[in-house]
Structures are given as structure tokens and as C-alpha cells.
Colleague: 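Below is one structure. I have some questions about it.
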Amino acid sequence: MTNNPADLTSADYLDGAREMHAAGRPYLAHLLAEEAAQRTTDPATAAGIRTQFPAPARKD
């Protein structure tokens, strides 16, 4: 792991998203997954990431 956020890769963000999902933090998982999708050069891969981690429904 790196101390510099600029050095993080799409895979690092995706790992974090999986960890947050497992910890019951769906919104944070979604944010990390969105960052992973934005750093991915393949549009199909980015779409797959977004499908795996959709935005959670609001609880009003």
C-alpha cells in the first residue's frame, strides 16, 4: 500500500470498494468503485464496476 493517494490504481480502489461493501458501508463502496471506474480505460470494464456497486437507495 502507498501513502500517496496519487499512486493508487483502479485495482486499489476496487479492493477498497469490496472491503467497504463487506463491512456494510454501501455508499463508501459506491464512491470507491466510481473512482475505480473513472480510472479504468476500458468502458466495458468501467460499466461492469458500476453495475457491481450501484448507488445505494436514499433513506429519507
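Values below: all heavy atoms of this structure, side chains included; hydrogens, waters and symmetry mates excluded. We count residues from 1, following the sequence as given. Predicted model, so just to flag it, every value in this text is computed and none were measured.
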Colleague: Taking only residues two or more places apart in sequence, or in another chain, which ones meet E35 in a side-chain hydrogen bond (donor to acceptor under 3.5 Å, both in side chains)?
Modeller: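 side-chain hydrogen bond (donor to acceptor under 3.5 Å, both in side chains) check on E35 returns R39.
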Colleague: Indicate, with yes or no, if I49 and Y13 share a hydrophobic cluster defined by side-chain heavy-atom contacts under 4.5 Å among Ile, Leu, Val, Met, Phe, Trp and Tyr.
Modeller: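 Y13 does not cluster with I49.
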Colleague: Give the minimum heavy-atom separation between A37 and A46, together with the two atoms involved.
Modeller: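 Distance-wise, the nearest heavy atoms are O-CB, 3.6 Å.
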Colleague: Is there a path of hydrophobic side-chain contacts, each under 4.5 Å between heavy atoms of I, L, V, M, F, W or Y residues, that connects F53 with L8?
Modeller: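 No, F53 and L8 fall in different hydrophobic clusters.
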Colleague: Please tell me whether S10 and T40 have a donor and an acceptor in their side chains that are separated by less than 3.5 angstrom.
Modeller: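 On atom types as modelled, these side chains qualify, holding a pair under 3.5 Å.
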Colleague: Give me each pair satisfying side-chain hydrogen bond (donor to acceptor under 3.5 Å, both in side chains) with a member in residues 19-31, each pair once, sequence neighbours excluded.
Modeller: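 Sorted pair list comes back empty.
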Colleague: Indicate yes or no: at least one non-hydrogen side-chain atom of L14 is less than 4.5 angstrom from one of L32.
Modeller: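 SC-SC contact between L14 and L32 ruled out.
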Colleague: With sequence neighbours left out, which residue pairs that include part of residues 42-51 fulfil the salt bridge (charged side-chain N to carboxylate O under 4.0 Å, His left out) condition?
Modeller: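 For residues 42-51: E34-R50.
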